[in-house]
*Asks:* 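Shown below is the structure under consideration.
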Amino acid sequence: MRSLRRVRTAAPIAVRGTLLAVAAVTVTAAPARALERDAGDAPGAGLTVFETLLLYLVVPCALFLVIAALVVGASAARSSRARASADTAQPVWFGGPEEAERALESASPTRSAGGASGRW
Amino acid sequence: MAAGELLSSRQREEILRNVRLAQQECGLRFSVYVGDTDDNTRGYARRLHGALGREGSRTVLVVVDPERRRLEIVTGEHAARQLDDRACALAGMSMTSSFSAGDLAGGIAAGVVMLGNHARQPRTLHTEQA
């Protein structure tokens, strides 16, 4: 019940916050819609439909695609490089025996060994 | 890191340092193998452990196969008395979670220290001295 009540009080706060944000944007953006020009301002020509679409739709979409491609491409390249290096890499044995290869060939598996296994 | 190498020289040094640290901490020997194994990773790890010879009994061997994404911890007969399987499993989980985040060297280094901490024998309190 407590969580329900909290939601009920939270909703008006969210509504009020949204209204406040909209009001703030409207007020601060008022000069952009001013009917009378201030002295010295020089508004440019309006945008055509084509320019508007280019500026607000095509360019953002292109930027989105370029950035997404960079992110995906970089991580794909890194993982394929890591896979390639793992394929060819020589094993490393810290604290291993002298002449590890020969020792491994003649070695018999440890019996009754404890420990743990894992995968990731 | 040069092409075709699993660990950079700095990462190797870090692992070696932590191996020594863990050895000093608990008196067991630690050995870390990073590289290719075969399809039976557990069997391969036990063969590696067997290759350690007489030292094997008091050695904890950590085997990491980055290609197959497998981790094996093998404890020798003497080492298993100081380091039980549950402690190994715990350290193993910590290591594999680092590995899955892409941190091979860091996971090994931290895991070895963790094993060393678990294997530390608690100082026996002698009641007659109290």
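Letters A, B, ... are given to chains in the order of the sequence lines, protein chains preceding strands, and every chain is numbered from 1.
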*Asks:* Which bit of A:S117 is near chain B, if near means a heavy-atom gap under 4.5 Å: side chain, backbone, both or neither?
*Replies:* both

*Asks:* Let me know if B:L90 has heavy atoms under 4.5 Å from chain A in its side chain, its backbone, both or neither.
*Replies:* neither

*Asks:* Is the closest side-chain heavy-atom distance between B:R12 and A:F94 below 4.5 Å?
*Replies:* yes

*Asks:* What are the two closest non-hydrogen atoms of B:D65 and A:W120, and how far apart are they?
*Replies:* O-CH2, 3.7 Å

*Asks:* Looking only at heavy atoms and a cut-off of under 4.5 Å, which of B:V74, B:L16, B:L48 has the most pairs with chain A?
*Replies:* B:L48

*Asks:* Out of B:R68, B:E72, B:M93, which one racks up the most heavy-atom pairs below 4.5 Å with chain A?
*Replies:* B:E72

*Asks:* Highest number of heavy-atom pairs under 4.5 Å with chain B: which of A:G115, A:A100, A:P97?
*Replies:* A:G115

*Asks:* Test your reading of the model: is there a side-chain donor-acceptor pair from A:R119 to the backbone of B:R69, 3.5 Å cut-off?
*Replies:* no

*Asks:* Write down the atom of A:P109, the atom of B:R47, and the distance for their closest heavy-atom approach.
*Replies:* CG-CG, 3.8 Å

*Asks:* Identify which part of B:V60 has an atom lying under 4.5 Å from any heavy atom of chain A, answering side chain, backbone, both or neither.
*Replies:* neither

*Asks:* When only heavy atoms count and the cut-off is under 4.5 Å, which of residues 75-87 of chain B reach chain A?
*Replies:* B:T75, B:D85

*Asks:* Using the side-chain contact (heavy atoms from CB on, under 4.5 Å) definition, which of the options B:V34, B:L52, B:V32, B:V63 pairs with A:W93?
*Replies:* B:L52

*Asks:* Which atoms of B:R70 are under 4.5 Å from chain A, going by heavy atoms: the side chain, the backbone, both sets, or neither?
*Replies:* both

*Asks:* Rounded to the nearest 0.5 Å, what separates atom CZ in A:R111 from atom NE2 in B:H49?
*Replies:* 13.0 Å

*Asks:* Who among B:G35, B:G53, B:C88 has the most heavy-atom pairs with chain A under 4.5 Å?
*Replies:* B:C88

